[in-house]
Amino acid sequence: IFNKDLGQHILKNPLVAQGIEAGLNASDTVLEVGPGTGNLTVRILQQAKKVVAVEMDPRLAAELQKRVNGTPFQRKLHIMLGDFMKTELPFFDVVISNTPYQISSPLVFKLLEHRPMFRTAILMFQREFALRLIAKPGDELYCRLSVNVQLYAKVDHVMKVGKNNFRPPPQVESSVVRMEPKNPPPPVNAKEFDGLLRIVFVRKHKTLAANFKQTTVLNMLEQNYKTYCSAHEVMIESDFDIKTKVLGILESIDMSTQRAAKMDLDDFLKLLLTFNHANIHFT
Ligand code: SAM
């Protein structure tokens, strides 16, 4: 009866549900992504002012509607039928999600781009994805995703959730994480920042100098530099050489021998700022 393509694994353990709802206020508008049959939804409805639930499967949406019809919850629940990734989101204070793990990454970035900023997100993910989100410098799973997300939010591991808490059980272990956006968001161009991370995380254990010396990287940066200079009427030096310039910048802030695997958010921000001051851009 459940649709495997839509990742329909229903949460059965009320203790896990309790952990997910913790921290809701009576004044909260909650966005729930993928409510399914509504086991979590009816619990959230008891605590929050209003729930907007986005469900893609019309059959389940109808089942959930039937479940609240004629109860006091009926007027607190608004069901939106459709794909979360294509839905224009309403205002919400808190978002709760247990969706198919294929959309984990786009879901996180869609939430982080939403304005106004929400207060908290409680999200169920495949264990490894969750561990990537919370990874710190030096951790094995520390990656581009960790840094991009931690630029905008504080992320914590809430609990491990084993397969047997779901029916039918999925193939992978899960974890719940809490994500609290930084407010106001840092004034950083997300595309630029990601462009920089792409370069240094290709081989995160190699030095920055080694990663920046790659011909494809230097060609791209030279292209961007020339485009930037012509758009901003900046004269290009007659002895311009992209490799000399890039390696010189790394030297100037003493970062040539640093490795992305051990660098923290401030290191990456400093690196981006220094490059940008020298008119080197990553988009
Ligand atoms: N939240 C319920 C629970 O914990 O028992 C059900 C979770 S089940 C893992 C995932 C739910 O997300 C299913 O109801 C599925 O139909 C729905 N879904 C899958 N992809 C979706 C999408 N792109 N947008 C909205 N809902 C989606």
Side-chain angles (χ1 to χ4, degrees), residues 1-24 28-48 50-69 73 76-92 94-114 118 120-130 133 157-179:
I1 37 161
F2 287 110
N3 181 335
K4 281 245 167 71
D5 293 340
L6 290 182
Q8 292 175 344
H9 303 280
I10 300 303
L11 183 62
K12 287 296 182 188
N13 185 342
L15 285 176
V16 175
Q18 255 173 40
I20 292 176
E21 308 148 11
L24 286 180
D28 283 337
T29 294
V30 178
L31 173 69
E32 189 187 5
V33 190
T37 53
N39 289 352
L40 263 174
T41 321
V42 292
R43 303 180 59 113
I44 301 168
L45 281 164
Q46 290 177 23
Q47 318 213 21
K50 183 178 167 192
V51 177
V52 180
V54 184
E55 172 58 57
M56 195 166 167
D57 184 336
R59 229 173 21 110
L60 293 182
E63 192 174 322
L64 174 57
Q65 187 63 59
K66 219 160 63 193
R67 192 165 173 177
V68 297
N69 279 352
F73 294 150
K76 289 169 88 180
L77 175 65
H78 177 63
I79 300 177
M80 294 174 80
L81 185 59
D83 180 347
F84 170 76
M85 290 313 303
K86 296 181 185 149
T87 302
E88 193 180 322
L89 304 182
F91 171 85
F92 58 96
V94 176
V95 50
I96 292 180
S97 159
N98 174 17
T99 37
Y101 295 153
Q102 304 89 279
I103 67 165
S104 299
S105 191
L107 176 130
V108 166
F109 289 104
K110 178 165 174 139
L111 291 175
L112 289 176
E113 281 162 21
H114 179 75
F118 53 91
T120 307
I122 306 289
L123 310 167
M124 177 92 71
F125 291 124
Q126 178 169 349
R127 179 84 38 87
E128 175 164 321
F129 185 86
L133 288 179
H157 192 269
V158 176
M159 66 182 141
K160 294 181 172 184
V161 184
K163 309 171 189 190
N164 292 326
N165 295 293
F166 300 94
R167 292 290 172 276
Q171 295 194 338
V172 295
E173 304 292 341
S174 303
S175 276
V176 175
V177 301
R178 184 189 310 106
M179 206 167 78

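For ligands, and for the atoms within them, numbers begin at 1 and follow the listed sequence. Heavy-atom basis, side chains included; hydrogens, waters and symmetry copies ignored.
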Could you check which of [options] puts a non-hydrogen atom nearest to [atom]?
atom                    : options        : result
atom 1 (N) of ligand 1  : A53, G34, S174 : G34
atom 4 (O) of ligand 1  : N98, N13, V33  : N98
atom 17 (C) of ligand 1 : K12, E63, E55  : E55

Given side chains that start at C-beta, do those of [X] and [Y] come closer than 4.5 Å, heavy atoms only?
X    : Y    : answer
F118 : M179 : yes
T41  : R67  : no
L11  : N39  : no

Distance, nearest 0.5 Å, that separates OG of S104 from CG of L133: 8.0 Å
Point-to-point distance, once rounded to the nearest 0.5 Å, from NZ of K50 to NE2 of H78: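 Going from NZ on K50 over to NE2 on H78, the span is 7.0 Å.
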Protein heavy atom at shortest distance from [atom]:
atom                    : answer
atom 8 (S) of ligand 1  : G7 O, 3.3 Å
atom 22 (C) of ligand 1 : M56 SD, 3.4 Å
atom 13 (C) of ligand 1 : Q8 CG, 3.5 Å
atom 2 (C) of ligand 1  : P35 O, 3.3 Å

Parallel, tilted or perpendicular: ring planes of H9 versus F166, cut at 30 and 60 degrees: perpendicular
Within-shell test, M85 vs ligand 1, heavy atom, strictly < 4.0 Å: no
Considering only heavy atoms of [X], which atoms of ligand 1 have at least one such atom less than 4.0 Å away?
X   : result
L60 : 14 (O)
V54 : 25 (C), 26 (N)
G82 : 24 (N), 25 (C)
D83 : 22 (C), 23 (N), 24 (N)

Ligand 1-proximal atoms of N39, by part, heavy-atom distance under 4.0 Å: neither
Listing, residues 79-90 side-chain donor-acceptor contacts under 3.5 Å, not counting sequence neighbours, or none:
from: D83; atom 1: OD1; to: M85; atom 2: N; distance (Å): 2.8
from: T87; atom 1: OG1; to: D83; atom 2: O; distance (Å): 2.7

Within 6.0 angstrom of K163 NZ, more than 12 heavy atoms from elsewhere: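 Correct, the count exceeds 12.
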Donor-acceptor pair, side chain of R127 and main chain of S174, under 3.5 angstrom: yes
Nitrogen or oxygen atoms of F84 and ligand 1 under 3.5 Å apart: yes
Distance-only N or O hit between ligand 1 and L11, under 3.5 Å: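 Yes; at least one N/O pair falls below 3.5 Å.
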Minimum-distance pair of heavy atoms, taken over all atoms of V158 and V177: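 Heavy atoms of V158 and V177 come nearest at CG2-C, 3.9 Å.
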